[in-house]
Amino acid sequence: MPVQYYIFLSIALFCIGIMGVLMRRNAIIIFMCIELMLNAVNLLLVAFSKMWADAGRIDAAAAQIFVFFIMVVAAAEVAVGLAIIVMVYRNTHSVDINILNRLKN
Amino acid sequence: MNALISTALSGVVLMFVGLFVSNRQRIKYFAIALVLVAFVANLLELSTLQGGSQTLFGMLEISKFGLLFNAVMLGATLLYFLLCGSEFEKVGEHVADYFALIFFILSGIMLASGFSSLLMLFLAIEIISIPQYILAGADKKNLKSNEASLKYFLMGSFSTGILLMGIALIYGASGTFNINELALGTGELHPLTIGGIMLLIFALAFKVSAVPFHFWTPDVYDGSPTVFTAFMATVVKAGGFIAFLRLFHVSFTGGAISQHWLLVLAIIAAATLVMGNLTAVFQQSVKRMLAYSSIAQAGFMLLAVIALNETATQGIILYAAAYSVATIGMFGVLMKVKDYTFEGFNGLARKQPLLALAATIFLFSLAGIPLTAGFFAKYFVLSAVVQQGNLLWLVILAVICAAISVYYYFRVIMAMYFKAGEPEVAPFTPAFKTVLIIAIIIVIVLGVYPGILLQWA
Amino acid sequence: MINLVWLVPVLPLLGFLINGLGRRYLSKSQVGVVGSGVILAAFVISVMIFLEVRQPGFSGQVVTLFDFINVGRLQIPFAFQVDQLSALFLLIITGVGSLIHIYSTSYMHDESNEGFARYFAYLNLFVFSMLLLVLGANYVLMFIGWEGVGLCSYLLIGFWFKNANYNKAAKKAFVMNRIGDLGFLLGIFGMIAMFSSVTFSEVFSKTAALGAHSNYSSQIAIIAMLLFVGAMGKSAQIPLYTWLPDAMAGPTPVSALIHAATMVTAGIYMVARSNVLYTLAPQIQTVVAVIGLATALLAASIAMVQNDIKKVLAYSTVSQLGYMFLALGVGAYTAAVFHVMTHAFFKALLFLGSGSVIHAMGGEQDIRKMGGLKKFMPTTNWTFLVGCLAIAGIPGLSGFFSKDEILAHTFEHNKIMYVLALAGALMTAFYMFRLYYITFTGSFRGTHEQEHHLHESPAAITFPLIVLAILSIVGGYIGLPEVFGVKHWLAEYLSPIFAPSAPFIEAHHLEHSMEWLLMGLSSVLVIIFIFIARSKYVKYADTGRENTGLAKVLENKWYVDELYDAVIVKPLGMLSRFFQDALEKAGIDRLVNGVGRSITWGSQQARRLQNGQVGFYVFAMVIGIIVLFVIGLLL
Amino acid sequence: MNTQQVIFLVLSAISLASAMGVILSKNPVTSVLCLILTFFTIAGHYVMLNAQFLAVVHIIVYAGAIMVLFLFVIMLMNLNADVEPQKRNWLKYAGAISGGTLLVILVAALRDASMPSLQSGSSDIGLIANLGKTLFHQYVVPFEISSVLFLSAMVGAVVIGKKE
Amino acid sequence: MLTVLLILIPLVTGLLTFGLKGSGPKVLGLISSLASLAVVLGALFQFRAAPDTLHFAVNWIPQLGSQFNVGLDGMGVMLCLLTAIAFLLVFITIFNRTYENQSSFYGLMLLSQAGLVGVFTAYDALLFYVFWELALIPVYFLCSMWGGEKRVPVTFKFFVYTFAGSLLMLVGIIYLYLQSPDKSFSYAAFTSLNLPVKEQSWLFWLLFVAFAIKMPIFPFHTWQPDTYEQSPTPVTMILPGVMVKMGLFGVIRWLLPVLPQGAFMWADVVMVLSVIGIIYASCIAIVQTDFKRLIAYSSIAHIGLMCAAIFANNEQSLQGIQVQMFNHGINIIGLWIVVEIIQSRLNVKNLDELGGIAQVAPRLSIFLVIISLANIALPLTNGFVGEFLMFSGLFQYNMWLMGVAGLGIILAAVYTLNMLQKVIFGESNALTATTTDLQNSELLALSLIVGVILVLGVYPKPMLDLVSSTTELVNKVF
């Protein structure tokens, strides 16, 4: 089975994520879309690791380690990100990014 | 390596110090001591390092160049603590934590200057970014601060996604994350590689706030507490550049490969120069002007990334030093002035000659006037690009932009010297004065005799 | 003695310095003594020099003082050339000069102490520059004097600087001279480019050498023409003559010295000096002749209807200068120099006379307000009469010989020119005697208090008049034509100067009968015209009616000033204003400022992008990614 | 068309659909659920690419921890459909279009990439033992470094979240 | 060593001055300028004895192969002399005036002097550039702090204009530096480059624009009249007196020898521009009613002639231009001193409000007349020699061009005489009747100037000999 399938799949997921970021105003949803993008990347990496493993490279596990780290980072980001969102919500009682335009020009 | 460890540990230590020590002054002094330690440790390593470089599990490379850069960054941070340290407590009560976060950022920068695996690059960038999200929002009650934090966070993680996609594609093409192996592997140009490089460029361009990925910069710098803006705009930005430069210098040089990204990067640089300088001209607040000027300066540093030669690497170090010192100093002055608008500076020269003089020197340096560090910084990157050849148009553009930059830097000078006014200035200690004078001296010395720094590289 | 020639110019310079610096402290008498004394001393030395120079077989001597400009091959020393020509001019300048200085001591006595000193300082400075001009051994030195005299005339015309019109006149004189000087300068550069030297001896020898080859003749012609432009300016020839009549704004002795006797003859001196150049450029010679003749006629015609005593003399000067150039044009260099000398005598005489009259009339210059002065001031009267007779060319007086020589040569050269020249001579006779009769005969037409203190002028004024009168009578005898069966002494004397150009002039001489005929003809006609003038003006009464027709045109000097004003002055002003307002302000400056303005404008536009909307930011980023991706892939 | 490909297609179809669901659904809660579904399908893919360990971790970390956190926050803010004001439509379309274009471009860029294909046979790189070795041998440095990341995240969460 | 001293004296004293109070700055300024003059004279004699001993070089930035390399050739000595004299004159003239916050005023003046001397002595391109800017910055502050009411925007325009120009020059310098075989900025290395013509032709403009703006020649001149009008008169004496010479000097020292073909290629264009400038500026000067602007435009016209003379580039024109650099400096400073005096007495700049000063202040008037005449190059004043040689050289380059340029002589006479008439002649009005004549310090300054004018007018040989070495050098490589 050609790896292109996975490439296209994950690119598709990635772009869907981007679309989401572009289309939504709810900070949380946007954040979720970003997570989606990360997962697309993960998927791709895993696919590649398989590919290189089959191609007989011994260090192919590296990609999976990388995915592992991405998850780690993602988790950390979520912690911080949600904290920020909550903080903003506390002050503005909204998570709508469009009302955040005190800073401009 | 020393520096990396010491900064990381310092961060941890400070976290706990925050629990036991309530006296903020003391915390500050402690932090200063720690950064000093890191600085010295780094210098020791720099002086004792024999041979070109040594690597750690193919993950970290310790090279003279990287260490020198770390030294510059740590020195800048030291200056930053000395000048702005007392402003921390004005932001919020978690002073120790703020210091801790800044130390974490530093350790991230130490990584960025020495990574030899894309994984480390990723981690470095994240370690640099995440604390910034927090620092940006440190002033919790202030809506602007909140807004800055959220904006930065959302866009930052978005760019992280793009970075990762780029890494993934490159891995797909080459099967390795090690940047040195990448350099060997990119003989034949795989479509994935090209795509990956593109995405990497975009992601890193975001981190160094290059047009069209710069939009977060003014808002975030404007919204965040000024004291942290000073740090983000200087040390952190330089860190982003070292990562950028290192990645491309090691992996993607060479005619066949570089011609694929050179033009894109050149366009980005040109756009950055133009937009940054142009937009800065019409600002009302000095703080925001500095934000845009940081974009403009990024444009110049990008020239070094484009050129990717000996001069460029020397240039980036010099530039990092000159730019950081000048901007930190400028922010230091700014924080003493109550009103951040240009009018707020009217008549400063009469009231506080020293502040005015310092600001003038720093602005000269930023504008690249000879006999200040900024001149040689600009000189090096420009000559690097000229050396690179066939991008003379970019050089001319850069030069014109430099001329434009005078326009907004000198607005401050005019306000201070040629306009009458009664600026309210926060009181400052003699210590602050001395530090300011030291900063001035550094700027001048680097401007008169840059060799003092370059001899290490 | 000749090695002391540097004293001749240095003495007046000393006078200038003493009078100029000490003007606060010196009394009038001291100033007068110093001012006139230095010139007299100079005169004495000149006489000695002359006596040496006139020894037969004396060929010019160059006295080098120091290096002025040395650039590579171009060597311009500060050197004086003493030879027949310069020696003669030395005599004229210092001689007439000292007379006029003496005259001035009395004439300017009403001036304030300081003004008096200033006047003499200027006058001495003028003499100094004039001497430089004639003594210079190269064209640059000549040019130095050339501009120097221009400056002095500027200063002296504007001597009464409170009066704006006088200043205007002075300015006009200086600027017109400068136009000429530019020509002169170009001529000099031409020489440098061609001979890489400006020293007389070298230039002339090289020219004579090249003269044979026709392919150089054009360059020589250009140089000659350019030099002549300089002469036009200095010697008030068409088209640059209009400044001279206005120059009468200055004190009368100044008019006598500068604008009659010496400075204005510099042009003739220069052309005579560079006779080789002209002889080798026949076409330019023709130009010179034509312009000279035209000037002579034009000025004479104007002079016939002027009513300001000095203006009449001024125009007559212009016309006499015209004659001199005519002479030069027809190759009669000796005649020209001869006329310069005689003219110096009688025109100085006339001016000083008119000065004496004006002095007596208390500053009145309009001859219609005079009349019948004969009985009040006899000396002035007879000297003035002598002057008129001389200039009119009554046989036996100096003017007759010099002018007749010119006419004769003109006749040889071209009959039509001769006729015109003769007509000019007759006009001269007419207007001079018109002037004389209106002024000195008839009944007094001035106011009573003027009549009340009409008186003969003091000795300091009359003495120079008498001396000059005598000179005007006898001055002609150094140049008796050969028909009288004697040697033409002056021609003999000057022959070394014109020797270089002699080989290029084909000498054909009129037979004596013809010469006698011409002489007789002109004399008779002149006398006739004098009588016409007498009949018209001896009982002149001022009928205040306007002139009409031609007379009106003449009275308005052919409207030449108006013409210049319309053709040059006004357009220049307009051009300047156009540059100032249209180009400078609205054009270049706006362009420069426009750059700045467009930057601020662009800045305002750029700020719009920063609209604070995260959504938009991300959107822009994605667009950027797409575009750059495409670019990156297409290349 | 072997079973593997069938499964792949099915899974991909579900994951894409649910991903679309995430960005299209009006109600945040629905999007969260869709996202969870997407994650599960991705986990399926992992299994197929025999990265078993990652699959498990993925479920635990994402579906288990992260998404719960999200859900929790959303509940806490009790956001539902009518709360979130909609973007102006043209902006939506602009976003969709630009995203689509990016997709097209990327696909076009990577279409003719010649890659080694995936064998059906299973390999053991994805096994925990193997990963463990790698992680603690040459990836020990990043592992340590990531602790710094965590610490900073922790500090940050405290600084931001703590009430004053 | 003397050369270094020449730079150090004003630099050090300038920095010291900032600390002084009261009349200290004045005195120190005077002392320092006297010292500089003394040193220059010393250098002059040493130059006659052993020219090479005036060179001095130490490594500055080895990473770049840039040296602190200073030296003096004939032209350098002459211009340093001019600088020293100029500042001395300025300090003498304004000795009786007091400026607010005096210490900075004198400090900045001295710093700019250091910069100027540096420019004239630098034999290392990078050093040259640095000094080039160093000379500019203090002037910027001087003008915008002590100038007229519109000073800030005007001076800023001037600053940005020149700064942009010099940045382009920097690019050019970098390019040349990279072309040099042993990566060096030294004058020797640059002059031995001989690049292909194509490169020279565009490099020429990179460098020339900076110089052209500084001079300034025709299309680049608009900053000048405003600046002269607005800036304080002491600065206005330095600007055209010395600073303008930087541009000409740059062309002679750096442009012609380094890019001969380029210069040759564009000579015609430049000369046409210059000649246009002569006529253009003179015409505008005729209709000026502002004393300062009139002189500014006259200066532009003169500079146009000098620039043309440089590019005519034969022995005579080069000798002429160099001598004229000095003489024009002296004359224009003299004119500005007179302006300064009249303004400080009456404070009007409008010519129509003046007049009749000759009656009340004869000495002042005489000096004004002499200096003006020198300014229009009357023989036996210093102005004549230079202009004569320049025109002569121009004539040999192109007769017609010179003819047009020559019209400048006439126009110069026109506007100068207008000026004289309006200022000193005519009836004095209520205002001008109050004019007091010269004070001693002013008398001293003006007498010095007139002395120089006459001496060099009658005996220019020493000056010509002094600069002849430079001329030969330029002629050789060009």
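So that the names make sense, note that chain A is the first sequence line, chain B the second, and so on, each numbered from 1.
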Look at the rings of [X] and [Y] and say which category their plane angle falls in: under 30° parallel, 30 to 60° tilted, over 60° perpendicular.
| X | Y | result |
| --- | --- | --- |
| Tyr166(C) | Trp160(C) | tilted |
| Trp261(B) | Phe248(B) | perpendicular |
| Phe244(B) | Phe241(B) | parallel |

Given a strict heavy-atom distance threshold of 4.5 Å, which part of Val622(C) is in contact with chain B: side chain, backbone, both, or neither?
->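 Interface part for Val622(C): side chain.
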Contact class of Ile623(C) relative to chain B, heavy atoms under 4.5 angstrom |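 It is neither, since no heavy atom gets under 4.5 Å.
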Regarding Tyr408(B) and Asn277(B), is there a side-chain donor-to-acceptor distance under 3.5 Å anywhere?
->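 The answer is yes; a qualifying pair exists.
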Examine whether an atom of Leu262(B) lies under 4.5 Å from a heavy atom of chain C, and if so say whether it belongs to the side chain, the backbone or both; otherwise answer neither.
->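 Leu262(B) has no heavy atom closer than 4.5 Å to chain C.
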With a 4.5 angstrom heavy-atom cut-off, could you sort out which part of Leu150(B) is near chain C: side chain, backbone, both or neither?
->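 It is neither, since no heavy atom gets under 4.5 Å.
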When only pairs under 4.5 Å are counted, which of Phe213(B), Phe215(B), Trp216(B) shares the most heavy-atom pairs with chain C?
->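 Of the options given, most contacts go to Phe215(B).
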Max heavy-atom pair count under 4.5 Å with chain C, selected residue of Phe158(B), Tyr407(B), Tyr292(B), Phe282(B) =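 Result: the option with the highest number of such pairs is Phe282(B).
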When you check the gap from the basic side-chain N to the acidic O, do Lys151(B) and Glu147(B) get nearer than 4.0 Å?
->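 Answer for the salt bridge query: yes.
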Just give me the residue among Val595(C), Leu633(C), Ile599(C), Ile631(C) that pairs up with chain B most often, heavy atom to heavy atom, under 4.5 Å.
->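 So the answer, after comparing Val595(C), Leu633(C), Ile599(C), Ile631(C), is Ile599(C).
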Using a cut-off of under 4.5 Å on heavy-atom pairs, state which of Leu628(C), Thr600(C), Val614(C) scores highest against chain B.
->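 Most pairs with chain B among the choices: Leu628(C).
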Passes side-chain hydrogen bond (donor to acceptor under 3.5 Å, both in side chains), Thr226(B) versus Tyr340(B)? Steps please.
-> CA-CA 10 Å; Thr226(B) 313; Tyr340(B) 287 172; 3.1 Å; yes
